[in-house]
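See below for the structure under consideration.
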Amino acid sequence: MHTTHCRRFALALLALALPLSRAAAQLPAQPQSPALTAGERAVARAVDAHNAQALALLERIVNINSGTLNFAGVRQVGDVLRAQLDSLGFATRWVDGAAFRRAGHLVAEHPGPGPRLLLIGHLDTVFEPSSPFQRFERLDDSTARGPGIIDMKGGDVIIIYALRALKDAGLLDRMNVVVVYNGDEEDSGEPLAEARRALMDAARGAAAAVGFEDGPGDPKLAVIARRGAESWTLRTTGTPAHSSQIFTPAVGAGAVYEAARVLDEFYRRLAGEQYLTFNPGLALGGTAAEADTAGTSGTASGKRNVVAERMVVTGDLRTISPEQLARARRTMREIVARHRPRTSAEIAFDAGYPPMAPTAGNRRLLAMYDRASRELGFGPVAPVDPSRAGAADIAFVAALVPMKLDGVGLSGRDDHTEKETADLRMLPVLTKRAAVLLHRLSAQAATAPTP
Ligand SMILES: [Zn+2]
């Protein structure tokens, strides 16, 4: 998941308290249900038959550094996955990232008569070549540590081996699948619209999108809603004068009191609404105040006896749906538009990750995944609390695709840290779940009446 939007599950904290062995032990070892078709049983067998190869592929790509800004490394991971998809009969292409100052993306298409299914991965990690964390390391039979092993090279491998199992079982031929591996998920290129164009183009006409980001550390959960995250900058001005004249009609309240009014009204009007948060993270005020373009640092100067002329505040805004986002922005603009005497204020919103609301379509897709999991003998799958799910690339297709599911990549813990660890026992489990889901999505819509 994406770095700057604090994407990762706060739930990872809970997972810390839960040893990996417990997470896996929660999966009941039940027999496969007779509801599985012969083809689906063949898919499950094919996943097991290829598991050693899947693990080898995971080790191989984890050992290629692909920090977002290591363009050669990102391309190299893309080349490895591209060869895999070529061998599965996909038409593959590399989308160059020069236009958004990143390595680029890998896009692979398998046309077929079935409904279009979009599978989403990413090639990059947060660990640049300067990081000491570079290698895949086997800790024991069931766990391995490595940069990006769950975020999200494990999910990337699940995509490949779910498709391979479907091909082995003779079920891929009629499927209509597009795979997008972005090269800049952890540190998106700019402009963002350019950087996500390939993903959004691939999403058009898709019936379902599945993201293979690492889940919440518990294979009994998956993601059907993610809060969007964008940023805002509030700027206020006041009338500079000797402090002894503050509050007089000619001087008014000054820029700092105006910014304080705005922030206090944000808090009083909007705090506490479910799934809505907004955090002022940096505030600078005085006679002169300016934040840098990233909004993460800046300079300010002023004197105790001079009424403040400028204040700048940068913050974020997280919402669960486009409606909540629109409402929050409207309220914030209304608050900003009123002023204390002799001051002005303006707010600018900078679009970031859009929200992915928990739609009925997403619930339907989770229900299919849950049923596939239970019938494979792996127990039920429930939705993650959206307040715990961070931003990820699937949100960019939220408005384009009726059914979305994410967080069904490889389980483990501590992503974005040097303790990033995968539960390797979950690799075949999650690959089977994904493959059966994709097969059923194809088969189901193929038999549905055409509108
Ligand atoms: Zn990720």
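Counting convention: from 1, in listed order, for ligands and their atoms alike.
- Centred on the Zn ion (ligand 1), the NE2 atom of H122 and the OE1 atom of E213 lie at an angle of 120°, reported to 10°.
- No more than 12 heavy atoms of other residues, nucleotides or ligands sit less than 6.0 Å from atom CZ of R174.
- A ring-centre distance under 6.0 Å is found for H105 and F100.
- Taking backbone and side chain together, D393 holds no N, O or S atom under 2.8 Å from the Zn ion (ligand 1).
- Shown here are the ring-ring contact (aromatic ring centres under 6.0 Å, His included) partners of H110, two or more places apart in sequence or in another chain: F90.
- With sequence neighbours excluded, no residue forms a ring-ring contact (aromatic ring centres under 6.0 Å, His included) with F71.
- For D151, the N/O/S atom at the shortest distance from the Zn ion (ligand 1) is named OD1.
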